[in-house]
Amino acid sequence: MYGWGGTILKAYLSEGKVVKDPLDPAFARAFIGGRGFNSKILYDDFDPKIKDPFSPENIVAIGPGSLCGNTLSASRICVSVARSPITGVFGDANLGSYFGGELKWAGYDSIVFYGRSEKLVYLLIENDRVELRDAAHLKGKSVSETDGILKEEMNDPEARVIAIGPAGENLVFGAIPLELHRAAGACGTGSVLGSKNLKAVVVRGTKGAKIARPRELMEAFKRNHQKLLNGPHYKMFSEYGSASLLDLFQEGGMLPTYNWQDKPVENIEQTYSTTLKEKYGKKMVACLGCAVHCEHYYQVKRGPYATHGAGAEYEVTCGFGPRAGGVNLEAILHINTLMNDLGLDVVQVSNWINTIRHWWQDGLVDEGDTDGLTLVWGEYDDTIEALKRIAHREGEFGNRLADNIINFSHHIAKKKGIPPEKLIRYIIQIKGMTQSSGDNRLMGIGAALSHGTSTRGSDHLRGVNTDLWLQQEKPDDIIGIPNEAAQHFLDLGLSDPNRYEGKEEYVAFMEDYCALVDSLGICKRHTAWEGMAIGLEEMTDYFNAATGLNYDWKELHKCGTRVYNVERAMQARYGLRRKDDYPPDRFFEEPVPSGPQRGAVLNRERYDGLLSAYYRYRGWSEEGIPRRDCLESLGLSEVAKDLETRKVIGE
Amino acid sequence: MIWIRVKYLNVYAGLMGKHSDRFSFEHPVPLRDVLKKMISVAPPGFKDFVLNQSGEIKSHVWIYIHRKRVFDFEREVGDGEEVVLSLPLVGG
């Protein structure tokens, strides 16, 4: 079987055994890999009646996209899937770096963890050798300490480790697994691993990838690689990383500040990527085989925030910078290193703390609610202390906030006699997942809809991150989308970011596109999602050469549609409905107060109409549930039957 | 005499070797003239990045004044205004 490893590993942690299942070729052709595989495995193997994400009945599936390990620039994304403690429903997270490729080289397409180990363990994979091992010596260790210890035990610096830090062991809802500084951010799958007493997975694979038509793959790679390098954003990401987006957002009047109050931030240029690169950047580092190398290796040499590490993406520079009302880049870099070691999600936890700052501003909380910490705008030392307390569930404040900001809101509401909805309104979240650093009032209506309908909660990675990219006159300039589709979107008038009508088609197209990209294991920073050149046609070339199949781009894109519908059906089983597909109330009710976008706000009535149009276009009911004919057209009859049995099929 | 400031964001700063410039003109001028003057002093790598083979500004050069995107290169730029060179806005 070309293109895939050919085996699914099933680790039954309660019994302490691991079983190897052969990969079903029909399943592989339909769901492609990575997110597609793992979402369908979760659909099939997890009983949605089990509400507690920390129940042993929850499962975590971690696996590489089908193109992982082919050493193409871009192909390395591994996806972790589980019922999420953050949202309470289906959740997943992408991990870059090297782990996915290494797992593929060992011959595996996914690892599925069932049950709960009695004691802390880690999984060792060395090609055909697979063992669950005692991890007592790793208890309480940071992600980087765990990485070092396991590589030493393997006596192999090229072994690859994903691990949870103390936050995952302590079941902090915002805990994630990481490979050193590369995070599987979002949805808190690290805490689910912690609940299973699984500390880490270490893998070494030397079998290589099985390619059906290697010459064709290399030719496609060479052809497309130059396009990637010629793209306008390549230079920006390869030299300044995603931190450069902060500069673009600020100068374009789009940057969320002060927890989306969008007030001016003094000395904001201190957080620009030029400052990061010129003062603290040592070099750029790459994930497996990547030409974009978008991560900074940084160093703060001296002072209270002395640190070194890698990453420093836009989400940390904004989340602990302007979104927190601060500009101290040294402190932000210190926080980045700390959070990676603790195994905390930068997006979620920055939102937790920034919401508290916002409450504080409005006199709703004070030191009496934070165990003495002063969490005000632009404050860093107590923020660092708060992060440590959250990760270790230290004190009442740390322990309660570790259970997510929504639960913390209920605690404060009860304590202070405030209606909980008053506090929850401050949280920018959809389906319980707090938002990354984009503003749905400003990034275009398609982006607002895409965040609203995202199958894993508020998410810029799920479909359209901004419509502004469509402000082009020629389809050629909409890089990464086939001309036929790009022209269609321009004909629909979608180059106007504030237009509502017709956006349903573009959003559905991009959602399925992203589901496919995550299933192939392609990094989105190479694709149309980020204005880069590896588009649907290029991905189809790679997939066909690797697997020996002969899909056209529309067939491959339809696989993304299939994956998206499985996820949507899964969310329907958990009880999600139309009401869960709306951006936060604040974006409908609080116009941007100042700056060039003053007055920008979403229109609820028009959004409502767009949402209905989107459901119709998708073939879903008015409640947003896939209908039988939609599912059958995607080869998902068994899903339709399951939804019918559970009486949740779209009417 | 008027002064117009040009700000170079990230990749432009790298290519230009500085973060900003100031250019003087006798009177307010179209944006096109500001860009021409800027390009006349720019190193070759910068020119290649912003101009196509016909010498026109490439579509990926996004320009902001007062944090609003300017589509019209005939827009008049006045004393004290700042022209910001950026790239198309994508998500993070």
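Since we're looking at a predicted model, the values are computed, not measured. Here is the naming used below: chain letters follow the sequence lines, and residue numbers restart at 1 for every chain.
Judged purely by distance below 3.5 Å, without hydrogens or angles, the side chains of A:Glu295 and A:His181 pair a donor atom with an acceptor atom. Residues A:Asp247 and A:Ser273 bring a donor and an acceptor atom of their side chains to less than 3.5 Å of each other. With hydrogens and angles left out, the side-chain atoms of A:Tyr258 and A:Asn354 include no donor and acceptor closer than 3.5 Å. No side-chain N or O of A:Glu269 forms a donor-acceptor pair with one of A:Thr275 less than 3.5 Å apart.
Heavy-atom proximity under 4.5 angstrom to chain A picks out B:His19 from residues 16-48 of chain B. Along residues 51-76 of chain B, the residues that come nearer than 4.5 angstrom to chain A, judged on non-hydrogen atoms, are B:Ser59, B:His60, B:Trp62, B:Tyr64, B:His66, B:Arg67, B:Lys68, B:Arg69, B:Phe71 in order of number.
Per-residue heavy-atom pair counts under 4.5 Å with chain B were compared for A:Glu251, A:Lys235, A:Gln250, and the maximum is reached by A:Glu251.
Of the two parts of A:Glu278, only the side chain, counted from C-beta on, holds a non-hydrogen atom closer than 4.5 Å to a non-hydrogen atom of chain B. Neither the backbone nor the side chain of A:Glu473 comes within contact range of chain B; no heavy atom of the residue lies under 4.5 Å from a heavy atom of that chain.
Note that the NE2 atom of A:His451 and the CG atom of A:Leu461 stand 8.5 Å from one another [nearest 0.5 Å].
With sequence neighbours left out, B:Asp79 forms a side chain to side chain donor-acceptor pair (under 3.5 Å) with no residue at all. For A:Tyr506, the ring pair (Phe, Tyr, Trp, His ring centres under 6.0 Å) test picks out A:Phe489, with sequence neighbours left out.
Within the 4.5 Å cutoff, side-chain heavy atoms of A:Gln226 are placed close to those of A:Asn230.
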